[in-house]
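Below is one structure, written out as structure tokens; the observations come after it.
What you see is a predicted model, and the numbers here were worked out from it, not measured in a lab. Worth knowing before you read on, the calculation uses all heavy atoms, side chains too, and leaves out hydrogens, waters and symmetry mates.
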Amino acid sequence: MTSETLAAAAPLRRRARDAYANNPHARAAVEAWVTALVGTGARATPTHGDEAARVAITTALERWSDTADINGLSDWYGLQAEIARAMVIDGEALLTMVETPEGLKLRLLPAEMLADAETRDLASGNQIVGGVEFDTYGRRVAYWIYPDLPSAAWVTMSAPQRIDAADVIHLFRPLGAGQVRGVSWLAPVLLKLGEIDQLSDALLVGFKTGAMFAGFLQNEGDMSGDNPFDGEQSGSVMVDGLEPGTIKVLPAGYKMTFATPQQAQQAPDFLSAELRAVAVGMGVPAHLVSGDLSKANYGSLRADLVAFRQRYEQVQYGTLAPVLLRRVHARAVTSLVLAGEIDADGFEMNPRAWTAAEFLFPSPPWIDPAKDAAAYRELIDAGLMSRRQAVAERGWSIEALDAEIAADRAREKALNLTFGAAPAAAGPQLENDDDA
């Protein structure tokens, strides 16, 4: 799929960005994916064998995440949403990792800065395909990236620069073997979104035209033959003739007939079917695209959301975790250790023990809080989930949560405070009716 994706990449990006900016259904579908994929941000759970080391890593990473964005517009968790949005709209996200005097920083670049037209063989035996350099084993070893946006009118077009693959993250969801560049997730529905816009415009014009006809009076004695719809025209604008609320006098012999196309009567059902097709093409539940819950019930919503959850978890753990989260986490921990932010004895001998982590994504919102909380308790009690996993899915660090709980308990004890229902006092045992 290499030649096809390279040929279609630029026009698809432009059309997908236009649809996201101007079409409400396209925006709803994209934001549904972004929310499902990263939510408030995936969190790393270090797996180092020592508890003190895990606490040190987590604490240092939380400090680093506040200033991870080199542009200063967000933190690491907010940047994850921007990356996911770029992957859905453009089909790929391009991220560079930059070591600065203040530590590791992340820079999200537009996809067009990766040179689409850069395809050639190198004297070393390596090959560049669509701006991505491969060695003789087929491994990605470098990326050829423009120093400035190609669309910047005030910048002289510069040749792309070679950046080592260790400093670049190229995130996309492959659709076929050998694919080098990504394809916009909006590609299957762009044409249909345009047709829905045209249909909406046509229906709106029809309703506006229908609103112009207010009432007619027929004068059977008037034989003048004047056209009741004559008006004065200025350029392409009719300044006289029909207006909202107009009452027109019809000359004798005129009879009004209004067209009522069958298609217009079926338009709402047809439009609803088209929006469902858009939802299917984007792989999201239909109500997230249309905003219509009039025909939904608890069972249908749950079935739809469960299927969607299976779909986005495949992307989370098959694409985001291995390509983005694992690499950024390992690079950030290494940078913090070298900067002295983490006291990591033995890091040189076994760096993987310090950089290994599990990545837990925010859990879906609770539909029934009581049932969901009970489910968490049952999973923890049965040994099928740890408290660390449950807390991380809620978007918190277990170290910070436990410290907060301990501080609350100490403060309550110092102030002689008691919250919650007091345990019931044991009453006298009642004899059963048979013994009474």
Side-chain angles (χ1 to χ4, degrees), residues 38 40-72 74-80 83 95-108 139-143 163-171 316-362 385-407:
V38 297
T40 55
R43 294 181 179 270
T45 302
T47 58
H48 195 284
D50 182 65
E51 175 68 22
R54 292 198 298 268
V55 173
I57 294 171
T58 302
T59 304
L61 282 174
E62 288 297 323
R63 289 197 302 266
W64 168 81
S65 68
D66 292 339
T67 58
D69 184 5
I70 198 169
N71 294 317
S74 186
D75 59 8
W76 166 228
Y77 303 111
L79 196 58
Q80 289 180 33
I83 294 168
L95 189 75
T96 57
M97 297 181 283
V98 184
E99 294 289 348
T100 70
E102 294 79 25
L104 177 68
K105 302 291 182 182
L106 306 176
R107 176 185 284 120
L108 180 61
R139 298 173 299 189
R140 294 170 179 250
V141 294
Y143 291 84
I163 300 180
D164 193 273
D167 296 325
V168 180
I169 292 176
H170 185 210
L171 186 71
Q316 287 176 333
Y317 293 101
T319 301
L320 288 178
V323 179
L324 173 67
L325 301 177
R326 193 174 299 159
R327 288 190 58 194
V328 170
H329 175 79
R331 182 68 174 267
V333 171
T334 302
S335 179
L336 291 168
V337 169
L338 295 178
E341 296 286 334
I342 300 175
D343 186 10
D345 293 333
F347 179 82
E348 298 84 357
M349 301 297 296
N350 189 11
R352 293 188 64 181
W354 290 88
T355 59
E358 294 179 352
F359 301 97
L360 299 176
F361 295 86
M385 172 182 278
S386 68
R387 282 188 65 246
R388 179 180 295 275
Q389 287 178 309
V391 172
E393 286 186 359
R394 301 296 300 158
W396 297 95
S397 161
I398 192 169
E399 286 81 9
L401 177 65
D402 288 346
E404 238 179 88
I405 292 174

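- Nearest approach of Ala332 to Leu61, heavy atoms of both residues: CB-CD2, 3.9 Å.
- Residues that satisfy the side-chain hydrogen bond (donor to acceptor under 3.5 Å, both in side chains) test with Glu404, not counting sequence neighbours, are absent from this structure.
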With side-chain contact (heavy atoms from CB on, under 4.5 Å) as the test, would you mind laying out the steps for Phe359 and Arg43 before giving the verdict? CA-CA 6 Å; Phe359 301 97; Arg43 294 181 179 270; over 6 Å; no

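- One finds the CG atom of Asp66 at 6.0 Å from the CG atom of Asp75 (value rounded to the nearest 0.5 Å).
- The aromatic rings of Trp64 and Trp76 lie tilted to each other, with the angle between the two planes from 30° to 60°.
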Please evaluate residues Glu358 and Arg326 with respect to the criterion salt bridge (charged side-chain N to carboxylate O under 4.0 Å, His left out), reporting the C-alpha separation (whole Å), side-chain torsions for both, the decisive distance (0.1 Å), and the verdict. CA-CA 9 Å; Glu358 294 179 352; Arg326 193 174 299 159; over 6 Å; no

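- Remark: side-chain polar atoms of Arg327 are not paired, donor with acceptor, to backbone N or O of Ala321 under 3.5 angstrom.
- Here the closest heavy-atom approach between residue Pro46 and residue Ile57 is recorded as CG-CG2, 3.7 Å.
- By the 30° and 60° cut-offs, the orientation of the rings of His48 relative to Trp354 is tilted.
- Atom CZ of residue Arg331 and atom CG of residue Asp167 lie 4.5 Å apart, to the nearest 0.5 angstrom.
- Residues forming a salt bridge (Lys or Arg N to Asp or Glu O under 4.0 Å) with Arg107 (at least two apart in sequence, or on another chain): none.
- For His329 against Thr355, the heavy-atom pair with the smallest separation is CD2-O, 2.9 Å.
- Residues Thr67 and Lys105 approach most closely at O-NZ, 2.7 Å, considering heavy atoms.
- The backbone N or O of Tyr77 sits nowhere less than 3.5 Å from a side-chain atom of Gln80 that would complete a donor-acceptor pair.
- A cation-pi arrangement is absent between Arg352 and Phe347 under the rule of less than 6.0 angstrom and at most 45 degrees off the ring axis.
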Show your reasoning for whether side-chain contact (heavy atoms from CB on, under 4.5 Å) applies to Thr319 and Leu171. CA-CA 8 Å; Thr319 301; Leu171 186 71; 3.6 Å; yes

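- Note that CG of Leu95 and CD1 of Ile83 are 4.5 Å apart. Values are rounded to the nearest 0.5 Å.
- The CG atom of Leu108 lies 8.5 Å from the CG atom of Asn71; values are rounded to the nearest 0.5 Å.
- Expressed to the nearest 0.5 Å, how far CZ of Arg140 lies from CG of Asp164 amounts to 13.5 Å.
- Across all non-hydrogen atoms, the minimal contact from Pro322 to Gly318 is CG-O, 3.4 Å.
- Aromatic pair Tyr317/Phe361: centroids less than 6.0 angstrom apart.
- Taking each heavy atom of Pro362 and Thr40 in turn, the nearest pair found is CG-OG1, 3.7 Å.
- Distance CZ/Arg54 to OG1/Thr59: 12.5 Å, rounded to 0.5 Å.
- Under the side chain to side chain contact (heavy atoms under 4.5 Å, CB included) rule, Leu106 has a single partner from Thr96, Asp69, Val328, which is Val328.
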